[in-house]
Protein chains: 2
Amino acid sequence: MTRHGSPGMEVPTPMRENRGMQRNTRQRSAILEALSRQDDFRSAQQIHEQMRADGETVGLATVYRNLQALAQSDRLDVLVGDDGETRYRQCEATGHHHHLVCRECGRTVEFLAPELEAAMSRIAREQGYTDLDHTLEVFGLCTGCEAARAEATAR
Amino acid sequence: MTRHGSPGMEVPTPMRENRGMQRNTRQRSAILEALSRQDDFRSAQQIHEQMRADGETVGLATVYRNLQALAQSDRLDVLVGDDGETRYRQCEATGHHHHLVCRECGRTVEFLAPELEAAMSRIAREQGYTDLDHTLEVFGLCTGCEAARAEATAR
DNA sequence: AACGACATGACAATCATTCTCACGAGCAGT
DNA sequence: ACTGCTCGTGAGAATGATTGTCATGTCGTT
Ligand SMILES: [Mn+2]
Ligand SMILES: [Mn+2]
Ligand SMILES: [Zn+2]
Ligand SMILES: [Zn+2]
């Protein structure tokens, strides 16, 4: 991914909110609707498949483009799996937050943690770093999957 | 990446330490040596290029395989960039820890943060999650890059 | 020195994601 | 509603990092 910065005249203030989304289209609505019926993280292809199954006609490239655009305007949460696949999920919380994800079934809990934010920020500042940012995700087994695993272990 | 779990007979205890690394080879030594001369995160291809430049003869696939194996035995730190490329780095610290990475030049500082570990763990347990794990990386501009940016802004 | 399991390397194959570009559809202005 | 200017879409090709294949080389042991 090349990182350009357009030289020359700056646009007054693009208000990064709507990049690549000036218009409302049937496809985008359908994508948001599909997303709203799921509560775990899904890949672009999974979402596309689901839509086709539901009878929607949408191109795969369109799904990719929209998910990307929606994520950039903070309307979706993004998670890059261990396998490198990017997964999206409709975000309940508004503003900066983190996730607790079941590595087995994908069940997700959103959480805020001012204490964590403060601690990370302090550590980074102590080292002279500025313009901070971070990624933080917690994984584990949810109660359901833990129970299932215990049962399997007991034969 | 498909996730199998070999059914059937379990090996006594593979001691996950040396997966795919029973032997010592010239290639692996060279890779470790190349790694030891860098202190920022590099992709498999970058490392391969550097080695070729230094006169080493090593196949790209071999570089990929070894980096992967070394990472699995915790001898390397792994970071998946925004562009999806996996980067590796020789790890100074021993044991679990995190990184503060300059998003411009890659300069990296390792840090421990028991307070963070404890807080994440507490939050997850409150939600009933077990067998915990997490990813946490902090990004920012190091003092050098911050200075460079300030200068550029002032023309 | 001989052997058998592993590791390597050249190259093909995968596969998620991005690019291309002709065509269709929002939407502002009339 | 009509026109026009864009932007968004879709089908397929292209990209590019990573992985698979398999014949051949090498390590560590006997
Ligand atoms: Mn945060
Ligand atoms: Mn940690
Ligand atoms: Zn679960
Ligand atoms: Zn820097």
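So you know, we letter chains A, B, ... as the sequences are listed, proteins then strands, and number each from 1.
- Classification of E33(B) and R28(B) as a salt-bridged pair fails, no side-chain N sitting under 4.0 Å from a carboxylate O.
- Nucleotide dG10(D) holds its P atom 12 Å from the CZ atom of R28(A), rounded to whole Å.
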task: Could you walk me through whether T62(A) and Q27(A) pass the side-chain hydrogen bond (donor to acceptor under 3.5 Å, both in side chains) test, one step at a time?
output: CA-CA 8 Å; T62(A) 299; Q27(A) 290 86 342; over 6 Å; no
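- In this structure, D83(B) atom CG and dA16(C) atom P are separated by 18 Å, rounded to whole Å.
- Going from atom CE of M21(A) over to atom C1' of dG8(D) covers 13 Å, rounded to whole Å.
- Summarising the geometry, the separation between CG on L60(A) and C1' on dT17(C) is reported as 9 Å, rounded to the nearest angstrom.
- Around CD of E104(A), the count of heavy atoms belonging to other residues, nucleotides or ligands within 6.0 Å does not exceed 12.
- Comment: D54(A) does not engage R52(A) in a salt bridge, judged by the lack of any side-chain N to carboxylate O separation of less than 4.0 angstrom.
- Separation of the H98(B) and H134(A) ring centroids does not fall under the 6.0 Å cut-off.
- Both tests pass for R89(A) against the ring of F41(A): distance under 6.0 Å to the centre and angle within 45° of the axis.
- Atoms CG (D82(A)) and C1' (dA17(D)) sit 17 Å apart, rounded to a whole Å.
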Between the protein and nucleotides 26-29 of chain D, list every N/O to N/O distance that falls short of 3.5 Å.
residue : atom : partner : partner atom : Å
dT26(D) : O2   : R23(B)  : NH1          : 3.4
dC27(D) : O2   : R23(B)  : NH1          : 3.4

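- Of the inter-residue distances, the one linking Y88(B) atom OH with R75(B) atom CZ reads 14.5 Å to the nearest 0.5 angstrom.
- For S36(A) and Q90(A), the side-chain atoms include no donor-acceptor pair closer than 3.5 Å.
- Closest-nucleotide positions on DNA chain D for A61(B) and A61(A) were compared, and the one nearer the 5' end corresponds to A61(A).
- For the 3.5 Å distance criterion, the side chains of S121(A) and R125(A) qualify, holding a donor opposite an acceptor.
- Taking atom CD on Q27(B) and atom P on dA10(C), their separation rounds to 11 Å, with Å as the unit.
- Separating the OH atom of Y88(A) from the C1' atom of dA16(C) is a distance of 11 Å, rounded to the nearest angstrom.
- Salt bridge present: R87(B) and E85(B) bring a charged side-chain N and a carboxylate O closer than 4.0 Å.
- End-to-end axis angle of the helix from dA1(C)-dT30(D) to dT30(C)-dA1(D), from C1' rotation axes over five pairs per end: 40° (rounded to 10 degrees).
- Nearest-nucleotide assignment on DNA chain C puts the 5′-proximal partner with Q45(A), out of R65(A) and Q45(A).
- Mapping E85(B) and T62(A) onto DNA chain D via the closest heavy atom, the residue that lands nearer the 5' end is T62(A).
- In terms of heavy atoms, A124(B) sits closest to V138(A) at CB-CG1, 4.2 Å.
- T86(B) comes within 4.0 angstrom of the backbone, heavy atoms only, and of no base.
- Atom-to-atom, OH of Y64(A) to P of dA11(D) comes out at 15 Å; the value is rounded to the nearest Å.
- For the segment residues 47-58 of chain A, residues with any heavy atom less than 4.0 angstrom from an atom of DNA chain D are, sorted by number, T57(A), V58(A).
- With respect to R103(B) and D131(A), a salt bridge is recorded, a charged nitrogen being found less than 4.0 Å from a carboxylate O.
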